[in-house]
Protein chains: 2
Amino acid sequence: MTHAATKLKHVAEAAGVSLSTASRALSGKAVAYRISSHTEQLVLDAAAKLDFRPSQVAQSLRTQKTKLLGVVLPDVSNPFFASIAREVTTYAEENGYSVLLADSRESTEVERKLIAQLRAREIEGLVISPVGLHQQHLEKLHTANLPVVLVDRGFAESPLVSVTSNHREAARGAMKILIENGHQEIGILQGIPGTTPNDERLSGIEEELKETGIPFTSSMIQGNQFSESSGYEAAKFLLKKHLGITAFFALSNQIGLGALQAIAEAGRKIPQDISMITFDDHPYSEFLASPMTTVRQNIKELGRLAAELIVKQLLTGRKPKKKVHQVPVEIIERASVFNLLNSEKE
Amino acid sequence: MTHAATKLKHVAEAAGVSLSTASRALSGKAVAYRISSHTEQLVLDAAAKLDFRPSQVAQSLRTQKTKLLGVVLPDVSNPFFASIAREVTTYAEENGYSVLLADSRESTEVERKLIAQLRAREIEGLVISPVGLHQQHLEKLHTANLPVVLVDRGFAESPLVSVTSNHREAARGAMKILIENGHQEIGILQGIPGTTPNDERLSGIEEELKETGIPFTSSMIQGNQFSESSGYEAAKFLLKKHLGITAFFALSNQIGLGALQAIAEAGRKIPQDISMITFDDHPYSEFLASPMTTVRQNIKELGRLAAELIVKQLLTGRKPKKKVHQVPVEIIERASVFNLLNSEKE
DNA sequence: ACCCTTTGCACAATCGATTGTGCAAAGGGT
DNA sequence: ACCCTTTGCACAATCGATTGTGCAAAGGGT
């Protein structure tokens, strides 16, 4: 493109050497191929003067390495995934890889198409937060020897490498706080059923309830997307149907926002009328009408680790030893959980 | 990569035709090159059976078209830029282009390097939110005939195409609301001085103050980054130095978050003690301790329009007629602005 | 029957790099 | 002086597609 881009040929001519010599001098193989240091310098000078940058396209074709990573996320505009995109791109860039970004819009169909396109571009590896309901197309990549790292969403019993938060422990921790504060009727605002973040959180919730002897009612679980509208509908429904409800546990930030809307519309106040804990911490969590108690995932670490796993694999050619990578989670307690026990004492 | 990827050669052999015939049949040039429909079908069938996807790398080299767009943003994890990334990638994808994403971390130096790398990958066009203090390296692209579209941040008197909000009008509108509510001592929490979003907002602010006869004090303008910490420091400083201050205008969402922090630490309440308007609306703006009055930029439109301008230019080969594209802005009034006039009457 | 046009495809060059190999010139040993 | 090794580079093939051109076979007109 860029019109008169200088090619290796021009450098070679300017230096008065052959293409092969120019190529070798420029790629640091002068000693290995016995290019005299004088000739080497001629080439380097010519390249510098002509502002030569080798065509990565041509290099890719010849060396069969594109130095390209695919990153597929269900919603790049979601700050959670945006942070992952950022970590992966900067880590990749630092290691000589570039990132092709694609947004699957939470659709497995779109996800398949995007992956096909990325393969046509001969990406060397894929970092993906899959929609999460199907993994066959991803396993196919794995068997085709294309390194894949799942981030945020994994699959049970998968041959694929994954980096996720410890959803189960995180959910247990949040439930523990609610229960310790005397809550028994807790509405669970879930995301996409069948995805591991959702289901593992649910099973953590169930475990914690069982352990403390509180009955686990499936009708207290509502919602079907990690979205604001799903959170809104689910919370609205639960507020109507379960009059005794005293707390919500929202399984994502977006869901939480929707719940906030529903709670406000119902004329309830957090935390006096209804307590709440939300997955995903944010800068604004602290400044909400009631500062929100949140489960803070270590997003940077999730992104960086995923990038590292794929890049190291490409650089060394060795698959990571560990398949499942769990990143610890932190619970930030603020003011959105009301203590029912204290209030009874008073 | 992917091990035994089928190449055009294999398709040609399977169909019993030459490479050229296979290529032409697959790229829809059968009639133009008088391939019989029987032969065409043989090729198509073979390609389908072998799951042939042409190497984009080889195609790119031969056709000198990579179908690659570069997108460079100062901070992908910022929801504002993340939304732009999303709009551009999906629009590009729909039109056969893929997006190489890079994050300049608000550094012109990094920005330069990233652009050099993107050029080595032979991107056909660049969508960039530049750091905004230097444009020489961007003009160079323009003169090298690489289509560039600036988004969010432009340059005064630039030959480059840009898509931005109407910063001036937006800022005037916000100031007008504050002034109409009786505010005269208004702290401006600015971003990076010298960038067009910042400076045009400032000049909008100045215009509005002048028009209403309120003195414009430069010491009321503080801050130097579009970041939370800059907003925090600036607000903290102003609260200390200007005891008569009654309102803040924060020139970005992140700045606003920092200001919230400083205001809380100073023990002041919004809006009673201090009013506030923030640039950039967000889902949570409504649920803050005091629901925030915000200037809502049409981010989707900014991103989509930028993508459209670059893609259409590539598709048609014609430069857009208009250089400067301004997208209207909307002000969402909530509860963070206190009416000083009413309170005096009472 | 002959010639000219059309049909239907294959050959070979090409994009811009990398890399295995070959060969002349220089150097070194006796 | 002669031969062998080392030095220093160039030639040409190659990655996987696209595309200009040439040519044999078929068809059509008189």
Side-chain angles (χ1 to χ4, degrees), chain A residues 1-44 46-47 50-68 119-122 124, chain B residues 1-44 46-47 50-68 119-122 124:
Chain A
M1 303 298 82
T2 69
H3 209 44
T6 54
K7 305 171 208 166
L8 185 59
K9 189 172 65 169
H10 303 129
V11 176
E13 282 168 3
V17 299
S18 71
L19 277 172
S20 49
T21 301
S23 170
R24 285 170 174 137
L26 287 170
S27 48
K29 294 175 186 162
V31 288
Y33 283 90
R34 299 183 310 232
I35 311 289
S36 69
S37 52
H38 174 245
T39 306
E40 181 184 14
Q41 200 55 49
L42 284 178
V43 173
L44 294 178
L50 297 176
D51 190 28
F52 171 70
R53 272 183 308 260
S55 158
Q56 291 241 21
V57 172
Q59 285 185 327
S60 296
L61 179 59
R62 174 62 226 232
T63 63
Q64 301 293 81
K65 297 234 172 289
T66 55
K67 291 280 180 177
L68 236 34
R119 290 188 71 183
R121 292 211 176 265
E122 282 152 84
E124 293 185 38
Chain B
M1 301 297 82
T2 68
H3 208 46
T6 53
K7 305 171 210 167
L8 185 60
K9 190 172 65 170
H10 304 128
V11 176
E13 281 168 4
V17 299
S18 72
L19 278 173
S20 49
T21 301
S23 170
R24 284 171 175 136
L26 288 169
S27 47
K29 294 175 187 160
V31 287
Y33 284 90
R34 298 180 313 230
I35 311 291
S36 69
S37 51
H38 174 246
T39 306
E40 180 185 15
Q41 200 55 48
L42 283 178
V43 173
L44 294 178
L50 297 175
D51 190 27
F52 170 71
R53 272 182 308 258
S55 158
Q56 290 241 20
V57 171
Q59 285 185 326
S60 296
L61 179 60
R62 174 62 226 233
T63 63
Q64 301 292 83
K65 298 234 173 289
T66 55
K67 291 281 181 177
L68 236 34
R119 289 189 71 183
R121 291 207 177 269
E122 283 152 84
E124 292 184 40

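As the structure is a prediction and not an experimental result, all values here were calculated from the model. Chain naming here is simple, since letters A, B, ... match the order of the sequence lines and numbering starts at 1 in each.
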[X] [atom1] to [N] [atom2], straight-line distance once rounded to whole Å:
X: Gln64(B); N: dG16(C); atom1: CD; atom2: C1'; answer: 8 Å
X: Gln59(B); N: dG16(C); atom1: CD; atom2: C1'; answer: 16 Å
X: Lys65(A); N: dA17(C); atom1: NZ; atom2: C1'; answer: 16 Å
X: Glu13(B); N: dG16(D); atom1: CD; atom2: P; answer: 13 Å
X: Arg34(A); N: dA25(C); atom1: CZ; atom2: C1'; answer: 13 Å
X: Tyr33(B); N: dT6(C); atom1: OH; atom2: P; answer: 18 Å
X: Leu42(A); N: dC9(D); atom1: CG; atom2: C1'; answer: 13 Å
X: Glu122(B); N: dC15(C); atom1: CD; atom2: P; answer: 13 Å

Flag, side chain of [X] to backbone of [Y], donor-acceptor distance under 3.5 Å:
X: Ser27(B); Y: Lys29(B); value: no
X: Thr6(A); Y: Leu50(A); value: yes
X: Glu124(A); Y: Thr66(A); value: yes
X: Thr63(B); Y: Gln59(B); value: yes

The correct set of residues in residues 18-25 of chain B placing a heavy atom under 4.0 Å from DNA chain D is Ser20(B), Ser23(B), Arg24(B)
d(Ser60(A) OG, Arg121(A) CZ) to nearest 0.5 Å is 11.5 Å
Rounded to the nearest 0.5 Å, the CG atom of Leu68(A) sits from the CD atom of Gln56(A) at a distance of 8.5 Å
Judged by nearest nucleotide, the residue sitting upstream toward the 5' end of DNA chain C, Glu40(B) or Ala58(B), is Glu40(B)
Considering every strand and a 4.0 Å limit on heavy-atom distances, what is the contact class for [X]: base, sugar-phosphate, or nothing?
X: Val17(B); value: sugar-phosphate
X: Lys29(A); value: sugar-phosphate
X: Thr39(A); value: sugar-phosphate

Min side-chain heavy-atom separation Glu40(A)-Val43(A) under 4.5 Å
no
Are Val17(A) and Ile35(A) side-chain neighbours, meaning at least one heavy-atom pair lies under 4.5 Å? no
Residue set satisfying salt bridge (Lys or Arg N to Asp or Glu O under 4.0 Å) with Arg53(A), at least two apart, ordered chain then number -> Asp51(A)
The dot-bracket string of DNA chain D, counting Watson-Crick and G-U wobble pairs with both distances under 3.5 Å, using [ ] for crossing pairs and | for pairs to another strand, is ||||||||||||||||||||||||||||||
Per atom distances to the Ile35(A) side chain, the nearest of dT18(C), dT7(C), dC9(D) is dC9(D)
